Amino acid sequence: MTTEKPPFYITTPIYYVNGTPHIGHVYTSVACDVMARFKRLDGYDVKFLTGTDEHGLKVKQSADKQGVSPQKFVDDVSQTFEDVLTLMNISHDDFIRTTQERHIKSAQHFWTQLEKEGMIYAGNYSGWYSVRDEAYYTESELTTCPDNKEIKIAPTGATCEWVEEESYFFKLSAYGDKLLDFYEKNPDFIQPNSIKNEIISFVKRGLKDLSISRTSFDWGIPVPNHEQHIMYVWIDALTNYITALGYPDKDTSDFQKFWPANVHMVGKEITRFHCIFWPAFLMAADLPLPHTVFAHGWWTVEGEKMSKSLGNVIHPKDLVDRYGVDQSRYFLLKAIPFGNDGNFSHDQAITRINADLANGLGNLVQRTLSMVYKNCETVIPERVNLTPEDAALLEQSHSTIHTIRPLFDQFQYHRALEEIWRLVSAANTYVDEQAPWALKKTDFERMKVVLAVLVEVIRCLGLLTQPFMPDSASKILDQLKIPADQREFKHLTQEYAIGQGTCIDLPEGIFPRIMEEEKTA
């Protein structure tokens, strides 16, 4: 009798198509991918959504500069984001675009639901607007440019312009107390705590009604029955998370199974939209709210903010060409606690990759399997007459999954990797202490047991590292001849331990060492 897998729905933000993908986009996508892969391997039915946000004034202006239609512009840029997903081995289940017909239908229906509830009204908007951020700011949030006091600067560093136009408004002011009550009753909704405290503080200062349509340009989804208006980007963009589940049809199997989302993963610059606007919209539409919005930090490069003018923007292909796909994925999630800001240093990346992957896991796999191949006639020997040291290492191999599972639930990727590498370190220490190369001369049978123990540890490491480094983990498991249907976390037990008599091929290196001269290549 089979039991239904529990659902898990995770989303990236939909990436704005005004520029090409960089390390920040890769970071979010990889973090979501690692979580999605982990949950699949742990027995969940996973829905993993990503995509592109394709409307707004910035897009219209960029298309005009290139002399192409907005649709042609977004088609081209959206494809670069899809290409990066392939490059970084992202296992998404759906790629949504806000110009798709399914999304237009969904967003327009969502608008009409808010309108029916009396939460939308017509008015006139005047205020400071940032084209780059697609956001309005209050006077108190702005600073002035040092060189020109007339220029207003948003908290993000973007310039703002004064805008006056007819607009529809959402009654956000009616939701302050409701949101605060929700935050209190659902303490895990906003993570990490530093972001939660900022959001609560903002809401407590009082919410103003929100402009949700524009009339000064036409690149957007038309407002139903008021087509001289287009939807302001955030009510359009945020609806993507339910569009992908079949909304407005709430009876689809996907909507019934996966909504509300388990995790919206976002950069901290868009937490206000996801933690205030989105839950208020959902409350107004009488839809359940997501379980968690997790805001990760920003990357600097060699201690400086990424910028085109400095020429330090790290593009995904450059990352992969220099380090490799899995090596890049590993470093991004190991380098800093998830949720914190971090600095990308090429020297640190090379040092970490060489130490942990080439010298650590890679060397363990290579020297163990080479000894089995050369000294055991390519056949994995039997684990018999185990010593307490053997048993302790095997127990650690089979139990590490129980240690890292709660760390994943807390989005502590770096700590999960630390636990896995604690096992790598223990195995390498075991090799040095047992010295199978010496046992070959003094106690050949004991040498075989030591190698058999190490092979089982390597099997477990292959399984555990799959979410982070899927191709490399697959190469490890392939070399051990582990069947494709025995690679889930439920197989991290003695019952599925690699058996005596399995023949292996000549082992191949998994993680090539990055040479020092490549640091300045």
Side-chain angles (χ1 to χ4, degrees), residues 13-22 24-25 52-78 80-81 97-99 107 123-170 172 208-223 228-238 240 266-274 276-277 298 305-309 313:
I14 48 173
Y15 301 119
Y16 200 48
V17 295
N18 198 50
T20 55
H22 55 68
H25 303 106
T52 45
D53 180 5
E54 303 180 13
H55 292 128
L57 181 56
K58 263 195 304 190
V59 169
K60 178 68 165 61
Q61 291 175 341
S62 296
D64 289 345
K65 285 180 182 178
Q66 292 190 13
V68 299
S69 69
Q71 188 64 56
K72 166 64 175 168
F73 177 83
V74 299
D75 286 347
D76 291 345
V77 181
S78 181
T80 68
F81 280 87
R97 300 178 56 188
T98 55
T99 52
N124 288 284
Y125 178 82
S126 60
W128 293 102
Y129 178 72
S130 163
V131 175
R132 192 185 83 180
D133 298 341
E134 297 282 8
Y136 295 104
Y137 293 98
T138 62
E139 188 79 36
S140 63
E141 294 179 277
L142 303 178
T143 56
T144 55
C145 178
D147 299 328
N148 187 340
K149 300 298 183 183
E150 299 298 316
I151 298 177
K152 299 291 185 178
I153 306 297
T156 60
T159 58
C160 295
E161 58 188 46
W162 185 261
V163 172
E164 295 184 15
E165 64 182 310
E166 182 181 330
S167 179
Y168 281 95
F169 289 80
F170 174 75
L172 186 64
K208 295 183 178 180
D209 289 349
L210 183 67
S211 173
I212 56 172
S213 76
R214 302 293 300 272
T215 56
S216 56
F217 63 98
D218 61 2
W219 180 242
I221 297 176
V223 171
Q228 70 275 25
H229 289 255
I230 59 164
M231 294 184 194
Y232 172 53
V233 68
W234 282 106
I235 196 168
D236 164 5
L238 290 163
N240 90 88
V266 300
K268 64 181 180 180
E269 72 278 7
I270 55 174
T271 50
R272 187 182 303 179
F273 310 112
H274 285 80
I276 299 175
F277 300 174
W298 291 330
K305 184 177 180 181
M306 279 192 294
S307 98
K308 292 180 182 177
S309 60
V313 176

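Quantities reported herein were computed from a predicted structural model and do not represent experimental measurements.
Counting heavy atoms from C-beta outward, Ser216 and Val163 have side chains that stay 4.5 Å or more apart. Contact annotation: the side chain of Tyr232 never approaches that of Ser211 to less than 4.5 Å [non-hydrogen atoms, C-beta and beyond]. Put simply, the side chain of Thr159 reaches to within 4.5 Å of the side chain of Ile153, judged on heavy atoms. Thr52 has its side chain out of reach of Val74: every pair of non-hydrogen atoms, C-beta onward, lies at least 4.5 Å apart. Taking the side chain as every heavy atom from C-beta outward, Phe277 and Leu210 approach each other to under 4.5 Å. Within the 4.5 Å cutoff, no side-chain heavy atoms of Ile230 are placed close to those of Trp219. Looking at Val131 and Gln61, their side chains come closer than 4.5 Å, going by heavy atoms from C-beta outward.
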side-chain contact (heavy atoms from CB on, under 4.5 Å) between Asn124 and Glu164, worked out: CA-CA 7 Å; Asn124 288 284; Glu164 295 184 15; over 6 Å; no
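Salt bridge status for Asp75 with Arg97: present, with a side-chain N to carboxylate O gap under 4.0 Å. One finds no salt bridge joining Glu141 and Lys208 here, because no Lys/Arg side-chain nitrogen approaches an Asp/Glu carboxylate oxygen to under 4.0 Å.
Closest approach of Phe217 to Gly56, counting heavy atoms only: CE1-C, 3.6 Å. Considering every non-hydrogen atom in both Phe73 and Val68, the closest pair reads CB-CG2, 3.9 Å. The heavy-atom pair separating Tyr137 from Ser130 by the smallest distance is CE1-CB, 3.8 Å. Between Pro70 and Lys60, the shortest heavy-atom distance links the atoms CG-CD, 3.8 Å. Met231 and Ala107 get closest at one heavy-atom pair: CE-O, 3.4 Å. Nearest heavy atoms, Ser213 versus Ser167: O-OG, 3.1 Å.
Under the 3.5 Å distance criterion, with hydrogens and angles disregarded, a donor-acceptor pair is assigned to the side chains of Asp133 and Thr156. Checking Glu165 against Thr215 by side-chain atom types alone, a donor-acceptor pair falls below 3.5 Å. Using modelled atom types, one finds a donor on one side chain and an acceptor on the other under 3.5 Å when comparing Glu269 with Trp298.
To the nearest 0.5 Å, atoms CD (Gln71) and CD (Glu54) are separated by 7.0 Å. Between the CD1 atom in Ile151 and the OG1 atom in Thr143 there is a gap of 11.0 Å [rounded to 0.5 Å]. Taken from CD in Gln66 to CG in Asp76, the straight-line distance is 8.0 Å, to the nearest 0.5 Å. The line from NE2 of His55 to CD1 of Ile221 is 5.0 Å long, rounded to the nearest 0.5 Å. Remark: Ile14 CD1 to Asp236 CG distance equals 7.0 Å, nearest 0.5 Å.
Put simply, the side chain of Ser62 never gets that close to the backbone of Val59: no donor and acceptor are under 3.5 Å apart. Of the possible donor and acceptor atoms, none in the side chain of Thr80 sits under 3.5 Å from a partner among the backbone N and O of Thr20. No donor-acceptor distance shorter than 3.5 angstrom exists from the side chain of Thr98 to the backbone of Asp53, with no hydrogens or angles considered.
The aromatic rings of Phe81 and Tyr15 lie parallel to each other, with less than 30° between the two planes, well short of the 60° mark.
Just one residue in the list Tyr16, Phe273, Phe170 forms a ring-ring contact (aromatic ring centres under 6.0 Å, His included) with Trp234, and that residue is Phe273.
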